[in-house]
Amino acid sequence: MLEIKGLSFSVKDEKGENKEIIHELDLKVEDNRLLVITGPNGSGKSTLAKLIAGIEKPTSGKILLDGNDITEMSITERARNGIGFAFQQPVRFKGIKVFDLLRIASGKKLKVSEACGYLSEVGLCARDYIMREANSSLSGGELKRIEIATVLARKCRLTVFDEPEAGIDLWSFQNLIRVFQALREKISDSSMVIISHQERILNIADEIAVLSDGRITAKGSKDEIFPTLIGTEAAQDVCARLK
Amino acid sequence: MVELTEIQKRLIAEVADLHQVPLGAYNFRANGGLAGRNTTANIDIQSKPDGSGIDIRIKPGTKNESVHIPVVLSETGLKETVYNDFFIGADSDVTIVAGCGIDNCGSQDSEHDGIHRFFVEKGAKVKYVEKHYGSGDGLGKRILNPVTEVYMDEDSSMEMEMVQIKGVDSTERTTLAELKKGASLVVRERLMTHGEQKALSVYKVTLYGDGSSADVVSRSVARDDSYQKFDACIIGAASCKGHTECDSIIMDRGTILAVPSLEARSVDAALVHEAAIGKIAGEQITKLMTLGLDEHEAEEEIINGFLA
Ligand SMILES: Nc1ncnc2c1ncn2[C@@H]1O[C@H](COP(=O)(O)OP(=O)(O)OP(=O)(O)O)[C@@H](O)[C@H]1O
Ligand SMILES: [Mg+2]
């Protein structure tokens, strides 16, 4: 279970003045739950994800994982304690192969067959990708799926996916929904957070939270929140977006 | 075959990936003397009459054979210069594995300067692998100054893999190549320097024939207080293609000087050079930390991948 208590985060803007991006935010994600966070561009969703993963340090407030205060923990310690994070914009590496990323993520001597399993789960033909470098020769959508596969290989207590659908084409999007549905089935005593604008992803949530301007403005079960979002900017289905 | 010491065996494993006597032709040199040799029906190895090195002759049409010529130095204060000539027969397809390992636990410098000349005949295909490795914690330096000359006849091709990852204090590598019509040369250099090490790498490749091509790519990492210089010049004197690239990661207080250069002597020469030097990208380290590595482990993975 993840608990966020009174979390604030500010940065220095161009003029050197403090600009608060997250304001005294409280949020709880229970075990065996999929929470989808949605909200307008620039509302602070990725920043919140980075605060959870330890990439950014809060100005005040606490983050607890299974009751343990992890606020002061480094990125590495949090990862080792079971926090997983799939980046909105995956990082490219010169020379590091897709297999290496999966091996590092799994934290053990990974068999090629196991690595292939993770790639198949995200709809990539493993044979074509496993020995490729995770560099700029991969398309945005391919990298995005590899990013998701590496997080799957970690088997975390809490996994945050930041806009997993971005860069994934319409056809593959169906597949991706199935991936997340399957993940939701297997979630058991862990929890998942997906940051997304997609109706189809909102639709598989147990709970939905709306973040705007660094504050949670609504949170509740899918059935409660989802109807209030239809037609708003926060929930656009793929077709509407393409228009 | 002379009995090798454990240190020598370890050095050979490092530079030639050999854990036992290889199949095919080989010539082992240990502490300035011959430690073992094997020839085959197609590959002959002879010592030069004046004892300055060896001649390796590969018969035309020889396919899928290999030659291993590792050199190990495990005595302190040894300094040697060796001339090896390779005559690679027309239309053959062979792999040559050279390499030098120096273990210096003493206080005097040990140095091996290998001068290799390759005469690659028409249509021949060569894969050449050369690894350098140093070990031992003596004050004496481990020095390697290889000179490689490559003369490529029409439609021949050569792929050279040059690796120096550990333990060589000072190295000055010079590679000269001349290519005739349709010949192609690919060089992949990987280099890592530590401590106070110095590594200079000079390439001069001249494309004389129409349709010839050269691709010289170096990836390197300079750590601690080490110094590297990469100086690659491609000369295009015909309708040809040349590309040189130096991609380096700089760490700690390292210094890297990259001087790629091009000289076109024909309007049909297409020549390109690229050089990039930078530190490890912070977001790469961050990403690997979110996968559970600490900062140091993340750096090692990034470097290992980069140099793989
Ligand atoms: N390090 C920083 N320095 C200055 N401003 C920042 C920094 N990090 C985030 N911001 C600002 O904070 C706000 C929230 O950014 P964030 O990336 O979290 O938004 P988001 O909700 O993920 O948006 P999107 O939907 O576009 O991905 C933005 O206005 C952004 O410009
Ligand atoms: Mg974002």
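Here is the naming used below: chain letters follow the sequence lines, and residue numbers restart at 1 for every chain.
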Chemist: Is atom NZ of B:Lys127 surrounded by more than 12 heavy atoms (other residues, nucleotides or ligands) closer than 6.0 Å?
Modeler: yes
Chemist: For B:Met289 and A:Ala79, which heavy atoms make the closest approach, and how far apart are they?
Modeler: O-CB, 3.5 Å
Chemist: Applying salt bridge (Lys or Arg N to Asp or Glu O under 4.0 Å), can you list everything that pairs with B:Lys131, at least two apart in sequence or on another chain?
Modeler: B:Asp17
Chemist: Within this structure, what is the CG-CG distance for the pair A:Asp100 and B:Leu291, rounded to the nearest 0.5 Å?
Modeler: 11.5 Å
Chemist: Tell me if a side-chain donor or acceptor on B:Gln284 pairs with a main-chain N or O of A:Val91 at a distance below 3.5 Å.
Modeler: no
Chemist: Is any residue of residues 299-308 of chain B within less than 4.5 Å of chain A by heavy atoms, and which ones?
Modeler: B:Glu301, B:Ile302, B:Gly305, B:Phe306
Chemist: Let me confirm one number: the CD-CZ distance from B:Glu283 to A:Phe93, rounded to the nearest 0.5 Å.
Modeler: 8.0 Å
Chemist: Counting only heavy atoms from other residues, nucleotides and ligands, does the tally under 6.0 Å from NZ of A:Lys57 exceed 12?
Modeler: yes
Chemist: More than 12 heavy atoms of other residues, nucleotides or ligands under 6.0 Å from CZ of A:Arg127: yes or no?
Modeler: no
Chemist: Could you tell me which residues satisfy salt bridge (Lys or Arg N to Asp or Glu O under 4.0 Å) with A:Asp66, sequence neighbours excluded, listed by chain and number?
Modeler: A:Arg157
Chemist: Is it true that, when you exclude B:Leu257 itself, more than 12 heavy atoms of the residues, nucleotides or ligands shown sit nearer than 6.0 Å to its CG?
Modeler: yes
Chemist: More than 12 heavy atoms of other residues, nucleotides or ligands under 6.0 Å from CD of B:Glu263: is that the case?
Modeler: yes
Chemist: Any idea which heavy atoms bring B:Thr290 and A:Arg154 closest together, and the distance?
Modeler: O-NH1, 3.1 Å
Chemist: Step by step, work out the salt bridge (Lys or Arg N to Asp or Glu O under 4.0 Å) result for B:Glu245 and A:Lys94.
Modeler: CA-CA 14 Å; B:Glu245 181 182 336; A:Lys94 230 180 240 176; 5.4 Å; no
Chemist: Can you say whether A:Glu77 sits under 4.5 Å from chain B via the side chain, the backbone, both, or neither, judging by heavy atoms?
Modeler: neither
Chemist: For A:Leu101, which atoms come within 4.5 Å of any heavy atom of chain B: side chain, backbone, both, or neither?
Modeler: both
Chemist: What residues, two or more places apart in sequence or in another chain, satisfy salt bridge (Lys or Arg N to Asp or Glu O under 4.0 Å) together with B:Glu172?
Modeler: none
Chemist: In Å, rounded to the nearest 0.5 Å, how long is the span from CG of B:Leu293 to CD1 of A:Ile104?
Modeler: 5.5 Å
Chemist: Counting only heavy atoms from other residues, nucleotides and ligands, does the tally under 6.0 Å from NZ of A:Lys109 exceed 12?
Modeler: no
Chemist: Going from CD1 on A:Ile55 to NZ on B:Lys287, what distance comes out if it is rounded to the nearest 0.5 angstrom?
Modeler: 8.0 Å
